[in-house]
Trainee: 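Okay, handing you the structure first.
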Amino acid sequence: MDLAVKEGTITTLVGSNGAGKSSALRAMAGIIKTEPGTVTVHGEDISTLTTRDRIIEYGVVLIPEGRSVFTTMSVAENLHLGARVGNERSKHGHAATFTTEEAYDLFPVLKERQHARAQTLSGGEQQMLAIARSLLMSPRVLLIDEPSMGLAPLLVRKIFGVMKDVFARNSVSVLLVEQDTSIALELASDAYLLEHGSVIAHAPSAEMRNDSRLREAYLGKGDALGRTQGTGNA
Amino acid sequence: MVVELLSYLFAGLSLGSTYVLVALGFTLIFGVMGIMNVAHADVFMIAIFTYLLITTGFDLPTGLGVVIAIFAGALAGLIVYWLVLKRIDKGHPVALFVSTLGVSYVVENFIAKRINFGRPSLEPIFGSDPIIVGGVVFTGPRLLLFAVTAILAGGLIFWLKKSETGMLLRAVSENAVMARVVAIDTNRVTMIAIAVASFVAACGGLVVGNMTLTADAFVANSLSLKMFAVAVVAGIGSVGGATIVGLTLGVIEAFTVAYVGSQWQNVIGLVAMTVVLLVRPQGLFGRVLRVG
């Protein structure tokens, strides 16, 4: 599997269930081993680093799929876990790009519920919390796994609409894995099509979206919106 | 009648305090590492024997004995971590269970052999004349045990809830993979948890030893059974739950011994554990099942 993410852009990985999308993200974050592949950020090889070092030194931040907040902790505590990483990164010379106040401005509901346990939040609010927490970690490369899982497409568009500005302002490179291909291709500028752990196509997402052959073959048959039919985990 | 009931209540609370001081660390280690460290109760015993060695063996002051014993207990916990817990694949819980059991046997029998399987007496750390309030007898060592239990259990709960390190520890306990995702140094957090858990158990050994005034190399045998039952009934990983369940178990045991018969003492904990595992496997105070 060979893929690259341009600085400051959103790139998406699409493909059917089991194509290796989530595994690719986890390998890049160092949660699972990448042998024999390599992961580079700005030309520097980070394959041998721990997840922690990838975050602190290179700003490679993963938002795992599903319920990726600490549910027994409060909203404020979850955000604090992100902010402390941002602080640590600024000590390593990577100035913090995002503050807790900005997170609250971006997602006002989080401010209202800051003392509530994260498990009492709705699915969409939990996803906002996970995203806000990751932004507080001053990411340079953000790996987002299935943000729309269990959420209404409208809500996902809304969350990403808000975030696109933040990404652009801080030149965050985003690699997005998403079951809902129509949303993914709409948000991303670049797309990779994966099958059985290999890249089988790479194109600007607009082009991928209009390629009826690819859509028929890999992105869900017959659906005019190009949505995949599976909802399980990749 | 009331005096009798109160006497049993306080006897039960002191028994329960002993369970709490061991179960707290056991449950803390389980929370962070997801493994059952059967050898944890031996830290309790190691503190007692270190104290014996310093005070009786080297004839040094009791205060020094206390400090060195606590330090030795915490160190013993960390050594078990470095030598065993860290090296065995967490994917094989049975291997971990058996190896910590092995550590427990080796350490206990090694120490027992050194003292020719005797039960030497300990010099008191802190004693006083009994205080009698309305017919109920309080002894200095028992009050010390209550005070130490209250301070350590309360302090631990407060520390977990309010401190930065406590927050990291809770994060690792809830989900170790997610903790890595937010750049938590899980190795460092685990070592802190082990050191704190062992510190609490070592303090427990000293204040209980101060009551019994004997050093028994096999004290951990019955204690680890109770530690296990308390942690499971409370919901493994729940520190507040372990405190409540530990004290309750002690009180129930004391009343059982008084009114039913001492042969039933050790049965209660096991029955409670079985029932809880059948109806509420996450334990009375367990909120979520652990991930990772």
Side-chain angles (χ1 to χ4, degrees), chain A residues 22 25-26 28-32 49-74 76-89 91-92 94 117-120 126 129-130 132-139 142-145, chain B residues 27-28 30-34 86 89-91 156-193 234-242 280 282-292:
Chain A
S22 290
L25 288 197
R26 275 181 237 168
M28 289 174 207
I31 298 288
I32 54 173
L49 298 183
T50 61
T51 303
R52 183 180 146 75
D53 289 344
R54 292 182 197 204
I55 296 167
I56 302 296
E57 288 166 32
Y58 292 91
V60 177
V61 172
L62 172 71
I63 305 179
E65 66 183 324
R67 200 194 61 173
S68 62
V69 295
F70 292 98
T71 55
T72 59
M73 297 191 174
S74 71
E77 284 177 327
N78 269 282
L79 291 177
H80 178 75
L81 287 174
R84 63 184 288 282
V85 176
N87 289 337
E88 201 173 340
R89 268 178 60 64
K91 279 182 210 140
H92 281 74
H94 310 284
R117 261 176 207 277
Q119 73 192 141
T120 66
Q126 288 193 3
L129 178 56
R133 187 191 62 205
S134 317
L135 292 175
L136 288 170
M137 293 164 73
S138 313
L142 199 52
L143 309 166
I144 312 180
D145 199 359
Chain B
T27 211
L28 197 66
F30 184 89
V32 171
M33 293 195 77
K86 201 181 167 180
D89 186 357
K90 278 205 270 178
L156 191 58
I157 291 166
F158 185 79
W159 178 70
L160 283 171
K161 191 146 186 62
K162 297 290 175 193
S163 75
E164 176 93 5
T165 312
M167 185 194 290
L168 300 184
L169 223 134
R170 279 185 290 136
V172 177
S173 289
E174 183 182 322
N175 189 330
V177 174
M178 275 288 300
R180 287 169 62 200
V181 166
V182 293
I184 293 173
D185 186 343
T186 47
N187 197 30
R188 182 177 148 265
V189 170
T190 304
M191 275 172 35
I192 292 172
I236 217 152
S238 166
V239 167
R280 197 178 149 83
Q282 73 271 41
L284 298 181
F285 299 89
R287 268 189 302 268
V288 282
L289 291 177
R290 195 173 181 282
V291 188

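Numbered from 1 within each chain, the chains take letters A, B, ... in sequence-line order. As a basis for the values below, the full set of heavy atoms in this structure was taken, side chains included, without hydrogen atoms, waters or symmetry mates. As the structure is a computational prediction, the values presented were derived from the model and not from experiment.
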Trainee: Select one option (side chain, backbone, both, neither) describing which atoms of A/Val61 are under 4.5 Å from chain B's heavy atoms.
Mentor: neither

Trainee: Can you tell me how far CE of B/Met167 sits from CZ of A/Arg84, rounded to the nearest 0.5 angstrom?
Mentor: 9.0 Å

Trainee: Can you tell me which of B/Leu168, B/Thr186, B/Ile184 forms the most heavy-atom pairs within a distance under 4.5 Å of chain A?
Mentor: B/Leu168

Trainee: Less than 4.5 Å apart, any side-chain heavy atom of B/Val181 and any of A/Ser68?
Mentor: no

Trainee: Please state whether the side chain, the backbone, both or neither of A/Ile56 comes within less than 4.5 Å of a heavy atom of chain B.
Mentor: side chain

Trainee: For A/Arg52, run the side chain to side chain contact (heavy atoms under 4.5 Å, CB included) check against B/Asp185, B/Val182, B/Asn187 and tell me which one passes.
Mentor: B/Asp185

Trainee: Within the distance-only criterion (no hydrogens, no angle test), does the side chain of B/Arg180 pair as donor or acceptor with the backbone N or O of A/Gly30 below 3.5 angstrom?
Mentor: yes

Trainee: What closest approach, in Å, do B/Lys161 and A/Glu77 show between heavy atoms, and which atom pair accounts for it?
Mentor: O-OE2, 4.0 Å

Trainee: Nearest 0.5 Å, please: how far is CE in B/Met178 from CG in A/Asn78?
Mentor: 7.0 Å

Trainee: Quick check on A/Met73 against chain B: is it the side chain, the backbone, both or neither that has a heavy atom closer than 4.5 Å?
Mentor: both

Trainee: Does the side chain of A/Thr71 come within less than 4.5 Å of B/Glu174's, by heavy atoms?
Mentor: yes

